[in-house]
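Heads up: the structure comes next, in structure tokens.
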There are 2 protein chains.
Amino acid sequence: MSQNQEKKKVTVYDTTLRDGAQGEGIHFSTEDKLSYVKRIGDMGELYVEAGWPGANPRDEEFFQQFRGLQTSRIRIAAFGSTCKVMESPEKSEILLKLVASGAKTITIFGKSWDLHVRDVLRTTLEENLRIIQESVSFLHQQGREVFFDAEHFFDGFKENPEYALKCVSAALKGGADAIILCDTNGGSLPGEIDPGVRAVVQKFSPPILGIHVHNDRGLAVANSLIAVEAGVNQVQGTWNGFGERCGNANLSTLIPLLQLKGDYDVVSDAALLKLTSFSRYVAELTNAPFDEKQPFVGRSAFAHKAGMHVDAILKNQRTFEHIDPAEVGNERRILISDQAGKANILERLRRFEPMIRKDDPRVEMAMTEIKELEHAGFQFEAAEGSLDLLLLRTLGKLSTPLFEVLDYHVWSDPLRGELDSVAVVKVKVGEETVQIASEGNGPVNALDTALRQALAKFFPVLDESELVNYKVRVLDGAHGTEAIVRVIIDTRLGNEVWGTIGVSKNILRASAQALLDAINWTIWRGKEQSAL
Amino acid sequence: MSQNQEKKKVTVYDTTLRDGAQGEGIHFSTEDKLSYVKRIGDMGELYVEAGWPGANPRDEEFFQQFRGLQTSRIRIAAFGSTCKVMESPEKSEILLKLVASGAKTITIFGKSWDLHVRDVLRTTLEENLRIIQESVSFLHQQGREVFFDAEHFFDGFKENPEYALKCVSAALKGGADAIILCDTNGGSLPGEIDPGVRAVVQKFSPPILGIHVHNDRGLAVANSLIAVEAGVNQVQGTWNGFGERCGNANLSTLIPLLQLKGDYDVVSDAALLKLTSFSRYVAELTNAPFDEKQPFVGRSAFAHKAGMHVDAILKNQRTFEHIDPAEVGNERRILISDQAGKANILERLRRFEPMIRKDDPRVEMAMTEIKELEHAGFQFEAAEGSLDLLLLRTLGKLSTPLFEVLDYHVWSDPLRGELDSVAVVKVKVGEETVQIASEGNGPVNALDTALRQALAKFFPVLDESELVNYKVRVLDGAHGTEAIVRVIIDTRLGNEVWGTIGVSKNILRASAQALLDAINWTIWRGKEQSAL
């Protein structure tokens, strides 16, 4: 598209800390929220809806502490509802707490579907209009930027369009700075979003018109896009898409989608580069499972498995990638699996032996071994350390084992205290045999400590490496405690992190396997790094 | 909508076993595939694309074994490509293997984007048309139903629409029974899908016109919907939406979406009722993580957290649910969390004490304890057994402990053999003390066996219950093996299954906590059931 054509500015209103927190299993402490608002600046000038100071004491605490911070880039919003039925705004505890929070922007929601007015509020249609208009007006007179969320707007517009528009009108009469149209139940189709938005644009042309949808029919991102095309200039959502029930519009998908379309100005290129790392940061903060096949930011988003795809990609990137992963801070991955064609394996072997040929028998050997292990539960995609050790062995570059574990025992007295487990390991390095006993917090920690202690005197690099993640997955949980367990350990050395894996019915054996691969890989990688 | 208006029939073409298998971490054995084709009949008369007999020996094995089965309801399709450039179909190993598979329906893909013809096939535009037409014709003459996947159709239509349509034309000239338009790279927008589909409808009106899209921009379901509205009558996708990179169109979302819209006939009501259980079956078969916030079928899809939502739902279901969860075999859940309003907790307490009042101090006590524990890592949403034990204790219905665990020790010699761990537990029931030693496969299995053995003589119901799932989640994996671990155990008694939970830095302690709750809950529930 022509450089001269002006892009429409679309603002982002991030409700991760509020609506996102209504997702199952999601929880933010005050510290989490403070950490978040410092970090979100990476993504540019957004609105951040940080909580409901009326409803939640922890949120009041946040707003108090936030006032002490200097953050110029982001605009914090406090969220709440209109005053109650038959109440006057000046007496409304909810509104007074919103004002007391100090937030410069206040977003309140009000009913715009007559069903809710009758069955939930149990009042008249006129009273609902009053509480909308007067609540907005009250906040406006306090000098705040007031956003009005027309809750259930699209359901309301479908069943009683006149009334839905009256609710919007009431908010505007009260002095609302923005109207946000909400598909609160998440059931609206694109063909229902478009006319609702256009009606509001045509009748009112509010300076800021936002869209807030839910994903109950898998259409949140599409509906947000359709709304923007119909005239909306603010999109609301959450990173990674979590939120009440099926979640909100996923900002990690919607932002790059709109930005890369070419006619919208949503975030800077620099912010887009941080998209993947920021989305992962949010997932870690929430401890929520990260959907790795998420568009743009998932680990699998640019992961190619089918041999034919890999072959084509290596010829021309456009053949199987819709964008360059680097634009969103992600990377292409060539997967090694039982579906790997020779192209996949060859690409990785060439890191260690650049001149290896496609018909070298070791390529076939590596492929066979990988497929067999994958079949047994190994997942090399998440354990590239173990994968590379396997490839090095196949290439003949690791013929002499660096050390041998002769024996190991672990016992636990869990009622004893924190350091309740002891591991004893016996290792042999060259001619020397060493036996070490080590305490730990739980059997796996004890084993990890003992192995490292025993081997660090021979391989000092082990003291520089750090175990940074420990993931356990029960593979066929249906067999209860006799199930196969897969353990993946992430290790950091310098600024590299890679995974190693162990698979067994016995969680200790699986952990030991992953730990030993981690140790072997650290030693090998340490030698490499010092050779450079 | 009027009953008289005829619904448009939309067929489902399920590519879970083929395209789904190209998703990272997804893998089907031959046994898995055979189990699948027996079960998929639940969902009605679908096409099931079961594999590529040319490319994968395991797939050839499947087609061989499948011929022996009698399945009237589903139509198995074999997948493959056109013959190679400069090759004649009669000599093509790929095509011959497709024919040899015995599949009545054969789907082959061919390039419809000139970029791919030039850079990947490295041939002329005419040669590509020839291999499409002649490959389809060859299969047609073998008496098969031939489907043609126009690979990269929408990218091709964007850059060279004439040529993309020529590729479709070539397939039809060859005798193709169906044309499937593919958004292979997943980058197309709804505004690009619609014109592409309409052009094919207008020019060719193929009797079967299908849509096959990918989710790289989060638009797969929306694009499929738009395509159906534009004239497509076959939708392709995978259950739970996995597949290459970001996956395919999610059938678990798309099928109910189309069916519930009212003007499409996709599956029977009876099949829709099985949607949730079938989707979960597929996730278990693939061992893939199940996205619980998935529309329609996720555990969170109808889970209400915010106190205000719960309050409204209990007044009128339509206020916060876009459909009745029962229609898709799912259920509503009222979540207990730190955001739980009194309505959430009260609803659950009333199961045990129907007359308890909202202002009873025990309601507040329960709420406080739950919020504190959730803060420490407990997740009661997945452990309703532990939750109910907590509520029973708060209500004062469990004042006398049924038993006491005085001591327990575990030790493991992982190099010894399968039964490498021993647990010793000492329990007290009433006046009697019992000490039991038990072997197991790994420390947790040993502990589980020992506890049950020690207590079953006092509580025989323990012999009737079964531990059916064991889930471990490392909560803050960034602390490596010192991380907090959350263990959730699922126990079955009769035809009920519920979860119990343990949280600790020590995996044994966390497992013991979950096991003890499971035992306590089994005993309590067993008494309840015999009292009925």
Side-chain angles (χ1 to χ4, degrees), chain A residues 22 24-25 116 119-120 185-187 216-219 221-222 245-247 253 257 287 291 293 295 300-301 303 305-306 312 315-316 319-320 322 335 379 381 409-415 441-445 448 467-472 474-475 477-478 480-483 505-509, chain B residues 22 24-25 116 119-120 185-187 216-219 221-222 245-247 253 257 287 291 293 295 300-301 303 305-306 312 315-316 319-320 322 335 379 381 407 409-414 441-445 448 467-472 474-475 477-478 480-483 505-509:
Chain A
Q22 284 167 225
E24 184 164 357
H116 267 253
D119 290 2
V120 181
N185 287 4
D216 298 73
R217 296 200 183 189
L219 299 170
V221 166
R245 303 181 313 272
C246 303
T253 306
L257 173 67
N287 251 332
D291 179 9
K293 64 183 202 309
S300 301
K305 190 174 192 176
K315 287 169 174 160
N316 179 337
T319 54
F320 280 99
H322 68 115
L335 299 181
Q379 195 190 50
E381 293 153 347
H409 309 264
V410 184
W411 63 95
S412 305
D413 296 325
L415 295 178
N441 191 338
V444 180
N445 178 237
D448 176 31
L467 199 151
V468 292
N469 213 338
Y470 172 66
K471 294 173 278 199
V472 180
V474 174
L475 292 187
T481 57
E482 281 197 71
K505 279 190 180 175
N506 180 322
I507 198 172
L508 281 187
R509 232 177 293 179
Chain B
Q22 282 166 227
E24 184 164 358
H116 266 255
D119 290 3
V120 179
N185 286 3
D216 298 72
R217 295 202 182 189
L219 299 171
V221 166
R245 302 181 314 273
C246 302
T253 306
L257 172 66
N287 251 329
D291 178 10
K293 63 184 202 310
S300 302
K305 191 175 194 176
K315 286 169 175 161
N316 178 337
T319 55
F320 279 99
H322 67 116
L335 298 181
Q379 196 190 49
E381 293 153 345
D407 202 6
H409 309 263
V410 184
W411 64 95
S412 305
D413 295 326
N441 191 340
V444 180
N445 177 236
D448 175 32
L467 199 153
V468 293
N469 213 338
Y470 171 66
K471 294 174 280 199
V472 180
V474 174
L475 292 188
T481 56
E482 282 196 71
K505 278 188 181 176
N506 181 323
I507 199 171
L508 281 187
R509 231 176 295 180

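Every heavy atom of this structure was used, including side-chain atoms; hydrogens, water molecules and symmetry mates were not.
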Looking only at B:Gly187, B:Ser300, B:Ala301, B:Ala303, most heavy-atom pairs under 4.5 Å shared with chain A are made by B:Ser300
What heavy-atom pair brings [X] and [Y] nearest, and what distance separates the two atoms?
X: B:Leu257; Y: A:Arg217; result: CD1-CD, 3.7 Å
X: A:Asn506; Y: B:Pro443; result: OD1-CD, 4.0 Å
X: B:Pro295; Y: A:Asp216; result: CB-O, 3.3 Å
X: A:Arg245; Y: B:Phe320; result: NH1-O, 3.8 Å

_Between B:Val410 and A:Trp411, is there a side-chain heavy-atom distance shorter than 4.5 Å?_
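Not touching, per the 4.5 Å side-chain cut-off.
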ask   = Are any of the side-chain heavy atoms of A:Leu219 and B:Val221 separated by less than 4.5 Å?
value = yes
How many angstroms lie between atom NE2 of A:His322 and atom CG of B:Asn185, to the nearest 0.5 angstrom?
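Result: 8.0 Å between the selected atoms.
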Distance col, row B:Asp291:CG vs A:Lys293:NZ, nearest 0.5 angstrom, shows 6.0 Å
Per-residue tally against chain B (heavy atom, under 4.5 Å) across A:Ala312, A:Gly442, A:Gly247, A:Cys246 peaks at A:Cys246
TODO: Against chain B, label A:Asp119 side chain, backbone, both or neither, depending on which of its atoms sit under 4.5 Å from a heavy atom there.
DONE: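 For A:Asp119, backbone and side chain are both near chain B.
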_For A:Thr253, which atoms come within 4.5 Å of any heavy atom of chain B: side chain, backbone, both, or neither?_
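Interface part for A:Thr253: side chain.
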Region of B:Asn316 that comes under 4.5 Å of a non-hydrogen atom in chain A |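 Side chain of B:Asn316 only, per the 4.5 Å heavy-atom cut-off to chain A.
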